[in-house]
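All remarks here apply to the structure that follows.
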Amino acid sequence: MALTETAALEAGRDFIRDIVAADLAAGRHRSVVTRFPPEPNGYLHIGHAKSICLNFGIAEEFGGRCHLRFDDTNPTKEEQEYIDAIERDVRWLGFDWGGHLYHASDYFEQLYQWAEYLIREGKAYVDDQSPHDMRATRGTLTEPGTDSPYRERSVDENLDLFRRMRAGEFPNGARVLRAKIDMASGNINLRDPTLYRILHAKHPRTGTTWSIYPSYDFAHGQSDAIEQITHSICTLEFEDHRPLYDWFIANLPVPSQPHQYEFARLNLTYTVLSKRVLTGLVREGHVSGWDDPRMPTLAGLRRRGVPAAAIREFVKRIGVAKANSVVDFAMFEHAVREVLNRTSPRRMAVLRPLRVIIENYPEDKTETLEAANHPDDPGAGTRQVRFGREIFIERDDFMENPPKKFFRLAPGREVRLRYAYFITCREVVKDESGDVVELRCTYDPATRGGNAPDGRKVQATIHWVSASGSVPAEVRLYNHLFTRPEPNAADFAADLNPQSMEVLTDSRLEAALASDNIDAAVQFERQGYFYRDPDSTPGRLVFNRTVGLRDTWAKVANVA
Ligand code: ATP
Ligand code: MG
């Protein structure tokens with residue numbers, strides 16, 4: 001990244017914000033109006049979050065407004081479920097469109113009138129060619145297309161046919177309305193693009209009123225013009241469409257002239273940000289749904305425990321550029337950790353329990369010990385954790401034959417139980433197949449709270465829960481959904497990670513987690529951040545690992 005770009009990023013600026021600022025300073029606009037225009041054919045993903053933060057962010061920063069507009073021009077793929085999910089997700093991210101909720105379908109009548117206008121101007125015609133012939137006569141990047149035999153139809157004939165298309169007289173695909181621009185244009189988008197197609201389909205909002213629907217290209221820019229959008233911000237794929245959008249704006253009596261600016265879409269390693277692929281994952285059952293915590297959707301990330309603030313912070317850090325690139329997933333996780341480290345209450349949980357009996361602790365006794373909710377924030381207070389004769393520690397925190405650098409529990413060795421006592425391992429109990437099933441330990445009553453009065457040291461502090469002070473739980477650990485940093489979108493199933501989810505069914509959680517009323521991720525000490533899953537029932541908690549504690553990005557970027 002160039003130095004100037006880094007400086008701009010730190011100042012929260014980018015080339016689009018510079019353009020907006022310059023336009024306002026020069027009086028080209030009195031206030032800025034942007035929009036976020038999703039097509040309701042799937043759930044929003046973190047790539048959309050980049051666009052949402054940019055559009056709503058600019059409106060906020062410059063005192064303008066941002067519209068939410070559903071680009072609902074394709075009734076065969078669009079559903080109310082997606083409309084509801086998109087509204088919920090934009091709100092969850094922290095943005096508000098106020099009263100400015102619109103739909104391309106609000107403008108169907110106006111768009112239709114503008115199509116007739118183009119016909120009357122001799123700038124649009126009804127084409128009867130088959131879809132196959134239309135493709136064949138379109139030409140290629142190096143060869144011009146050829147004119148349709150229907151290109152020179154009279155205005156009257158075109159008007160008549162177009163009105164009959166609207167009236168539903170013809171079957172799907174029989175005819176289209178095309179703009180009459182230039183079949184030899186170097187830009188394929190200008191080779192007489194389709195404006196309207198016949199589609200006898202029920203629309204979620206307009207029902208069966210229409211049997212023709214405008215193309216995305218014909219609806220998009222004109223919708224912006226109707227809403228007086230000042231800066232139409234979109235991703236780079238639409239750069240080649242801009243001349244077409246400008247042609248419509250120049251050739252129609254639209255109420256304003258929006259200008260389009262393109263930025264690089266977000267790509268993230270080890271995942272895919274394509275609705276087509278995400279839809280495939282859901283339909284083919286590779287994930288449990290759009291909100292599967294492994295999905296890069298906002299619904300999935302939310303269910304995983306990622307806070308909206310972390311997504312906003314991540315988007316701010318990646319900035320807005322004009323060249324496509326791929327962002328390391330570890331950078332996203334780094335932002336999540338930073339936010340959660342600041343805000344998450346600490347709890348103890350043993351994911352893979354190993355039973356420990358404290359032999360010299362009285363059978364019928366339990367006691368409560370005080371534990372800090374956040375090590376750096378005394379204001380977060382403390383909580384009580386129950387200690388007793390039977391406890392659980394993490395299997396990984398014990399080794400029967402420890403190598404040199406393993407400092408945690410081992411036969412004959414003393415360690416500290418966090419917030420509790422020093423314990424020493426006296427005996428290892430195994431089952432008939434030789435697996436360790438229990439440890440017999442002793443504790444030193446003088447070390448209550450975790451310090452020895454004689455000043456003796458131990459080399460490790462481990463977490464624990466007591467049998468009577470914990471509840472059973474299922475914990476779901478997640479890894480990358482794909483095995484390769486840049487999965488093949490054409491054959492995504494081949495790159496799926498068979499180990500993307502690991503389910504631990506006999507974890508034990510500190511009892512406070514059963515009664516906590518925290519709707520946010522918590523830190524399980526020494527493990528990572530975890531968030532309660534809606535699959536939880538009163539009798540059985542289910543937690544998702546949002547992200548582990550180990551930060552690979554901090555190392556790469558040297559930013560920790
Ligand atoms: P599809 O994959 O169906 O073409 P899409 O991902 O482009 O869909 P839209 O609903 O058309 O989805 O997107 C709404 C807006 O979000 C568009 O302005 C689009 O440019 C932007 N957007 C989509 N994907 C990304 C991304 N990865 N990064 C940044 N912006 C994105
Ligand atoms: Mg799109």
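Counting starts at 1 for both ligands and their atoms, following the listed order. Being a predicted model, the structure only gives us computed values, none of them experimental.
- A cation-pi arrangement is absent between Arg35 and Tyr102, since the terminal nitrogen or guanidinium carbon is not both under 6.0 Å from the aromatic centre and inside a 45° cone about the axis.
- The N/O atoms of Phe263, backbone and side chain alike, include none that comes under 3.5 Å of an N/O atom in ligand 1.
- Atom numbering of ligand 1 starts at 1 in the shown order; those under 4.0 Å from a heavy atom of Lys275 are 2 (O), 3 (O), 5 (P), 6 (O), 8 (O), 9 (P), 10 (O), 12 (O).
- The Thr235 neighbourhood of ligand 1 comprises atoms 19 (C), 20 (O), 29 (C), 30 (N), 31 (C), with distances under 4.0 Å to a heavy atom of that residue.
- For Phe56 and Phe95, the ring centers are positioned less than 6.0 Å apart.
- The atoms of ligand 1 that sit less than 4.0 Å from any heavy atom of Glu39 are 9 (P), 10 (O).
- Taking any N or O of Cys234, backbone or side chain, none lies under 3.5 Å from an N or O belonging to ligand 1.
- Under 4.0 angstrom from ligand 1, there are no non-hydrogen atoms of Glu237.
- Taking the charged nitrogens against the carboxylate oxygens, Asp535 and Arg303 do have a contact shorter than 4.0 Å, which makes a salt bridge.
- Proximity of Asn41 to ligand 1, defined as any heavy-atom pair under 4.0 Å, is confined to the side chain (atoms from C-beta onward).
- Considering only non-hydrogen atoms, atom 15 (C) of ligand 1 lies nearest to Phe36 out of Phe36, Phe238, Tyr216.
- No donor-acceptor contact under 3.5 angstrom links the side chains of Asn74 and Tyr216, judged on distance only.
- Contacts of Thr140 classified as side-chain contact (heavy atoms from CB on, under 4.5 Å), with partners at least two apart in sequence or in another chain: Thr142, Glu143.
- Ligand-side atoms of ligand 1 in range of His45: 6 (O), 24 (N), 27 (N), range being under 4.0 angstrom from any heavy atom.
- For an aromatic pair to be called close, the ring centres must be under 6.0 Å apart, and Tyr270 with Phe329 fails this.
- Less than 4.0 angstrom separates some heavy atom of Leu266 from each of these atoms of ligand 1: 26 (C), 27 (N), 28 (N), 29 (C).
- Within the structure, salt bridge (charged side-chain N to carboxylate O under 4.0 Å, His left out) contacts touching residues 212-223 (residues at least two apart or in different chains) do not occur.
- Between the side chains of Tyr125 and Asp192, at least one donor N or O lies within less than 3.5 Å of an accepting N or O.
- Here's the thing with His48: one of its N/O atoms is less than 3.5 angstrom from an N/O atom of ligand 1.
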